[in-house]
Amino acid sequence: MPELPEVETIVRDLRPHLRGRRLEAVLSLNPVVLRFPSADSFRAAAEGAVFGALTRRGKFIHAPLSSGDQLVVHLGMTGTLTLEEEAAPVRPHTHLRLRLDSGRELRYRDPRRFGRVLLGSARQLAKAGLLPPLGPDPLDRTFHAWPENGQVRRSRRVVKAVLLDQRALAGCGNIYADEALFLARLRPTRTAASLSASQWARLGAALTVVMREAIRRRGTSFSDYRDGFGARGEAYESLLVYGRAGLPCVRCGRTLVSRRTAGRATVYCRWCQR
DNA sequence: AACGAGTCCTGATCGC
DNA sequence: TGCGATCAGGACTCGT
């Protein structure tokens, strides 16, 4: 399940290999993952365009094209975006294949099809409501002040729900929400409004630490995640709570519990997180 | 306002 | 061994 660190790893991997490369042909395109525009328009707009430098915003990958359009990819739960040799076998659930003038292919694969692909100008995409508003990104230099939005701070929602809300915070998913809450020693079921200023500061710092550490390890390979070259990341070994329900807390040794919070499986330590 | 539930979807895992 | 049920969840919609 790609979250910010996984998407950032993919963007960093692909950026130098895509920049300046000409998109020669759309070899295949499954319309079910294409949210905008039509398949025909996609081909017409994509073929012949030259890639600029990839960027990331939250969990979205933005690839600017020489035409002024951008190719936008969200990986959903199981999406991968990889650069492969032409001769490499095409795996099942590959929904998009773009041939580059380097002789390689940019391939988008997504078994569960929760991801999506868009192509258009920023204006077009925003107008169509396809680029939802995103909150501050934990890698932004100004993130230390998060959340500046008083509505977020005063919200009666549980803090876990706030972390998963892309309008309040961009790029966080279930894994790193649990990890950050553990590091900040905060119970996921606390309401946002109950957090003190220093607790918010702790949480913001924890988010940055958790994300940066995961990027350093090239992302968490839980099941489907692969980096831009199809390799696994190694952050899974360093997860402290996610996927460790029933195992001892690394800090106090007591058993970690799992319960459903904000509609998601949530693992925490009842002793360390209050 | 904010929650839960349902929706999309496939694959891993579990119980019988 | 094999098969059906269950669970996983990002983002969205809908009902309460």
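A note on names: the letters A, B, ... follow the listed sequences, proteins ahead of strands, and every chain is numbered from 1.
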Item to check | A/R259 CZ - C/dG9 C1' separation (whole Å) | outcome: 18 Å
Next on the checklist: Would you say A/R260 places a side-chain N or O within less than 4.0 Å of OP1 or OP2 belonging to B/dA5?
Outcome noted: no
Item to check | Separation of atom CD in A/Q151 from atom C1' in B/dA1, rounded to whole Å | outcome: 10 Å
Checklist entry - What is the distance, rounded to the nearest whole Å, between atom CZ of A/F114 and atom P of B/dG11? => result 13 Å
Item to check | Phosphate contact (B/dA2 OP1 or OP2) by A/S155 side-chain N/O below 4.0 Å | outcome: yes
Item to check | Side chain to side chain, A/K160 and A/D178, heavy atoms closer than 4.5 Å | outcome: yes
Item to check | Distance test, side-chain N/O of A/H93 to OP1/OP2 of B/dG11, below 4.0 Å | outcome: yes
Next on the checklist: Below the 4.0 Å mark, does C/dA11 have OP1 or OP2 next to a side-chain nitrogen or oxygen of A/Q166?
Outcome noted: yes
Next on the checklist: Can you see if the side chain of A/R264 gets near the phosphate of C/dG10 - specifically, an N or O under 4.0 Å from OP1 or OP2?
Outcome noted: yes
Next on the checklist: Using 30° and 60° as the class boundaries, would you call the ring planes of A/Y108 and A/H95 parallel, tilted or perpendicular?
Outcome noted: tilted
Item to check | OP1 or OP2 of C/dA8 under 4.0 Å from side-chain N/O of A/Y242 | outcome: no
Next on the checklist: Regarding C/dA8, can its base be found pairing with the side chain of A/R112 as donor and acceptor, where the two atoms are less than 3.5 Å apart?
Outcome noted: yes
Item to check | From CD (A/E179) to CG (A/L207), nearest 0.5 Å | outcome: 11.0 Å
Checklist entry - Between A/L169 (CG) and C/dG10 (C1'), how many Å, whole number? => result 14 Å
Checklist entry - Base, sugar-phosphate, or nothing: which does A/R35 touch, judged by heavy atoms less than 4.0 Å apart? => result nothing
Item to check | Length of the CG-C1' vector between A/N174 and C/dG9, whole Å | outcome: 7 Å
Item to check | Distance, rounded to the nearest Å, where A/R116 contributes CZ and B/dC8 contributes C1' | outcome: 11 Å
Checklist entry - Please give, in whole Å, the distance from C/dG9 P to A/Y176 OH? => result 14 Å
Next on the checklist: Within the 4.0 Å heavy-atom criterion, would you say A/V162 contacts the bases, only the backbone, or no part of the nucleic acid?
Outcome noted: nothing
Item to check | Length of the CD1-C1' vector between A/I175 and C/dG9, whole Å | outcome: 10 Å
Next on the checklist: Looking at B/dC3, I'd like to know if its phosphate oxygens (OP1 or OP2) sit under 4.0 Å from a side-chain N or O belonging to A/R157.
Outcome noted: yes
Item to check | Sugar-phosphate, base or nothing in reach of A/R113, heavy atoms under 4.0 Å | outcome: sugar-phosphate
Next on the checklist: Hydrophobic cluster membership, with links at side-chain heavy-atom distances under 4.5 Å among I/L/V/M/F/W/Y: are A/F36 and A/V33 in one?
Outcome noted: no
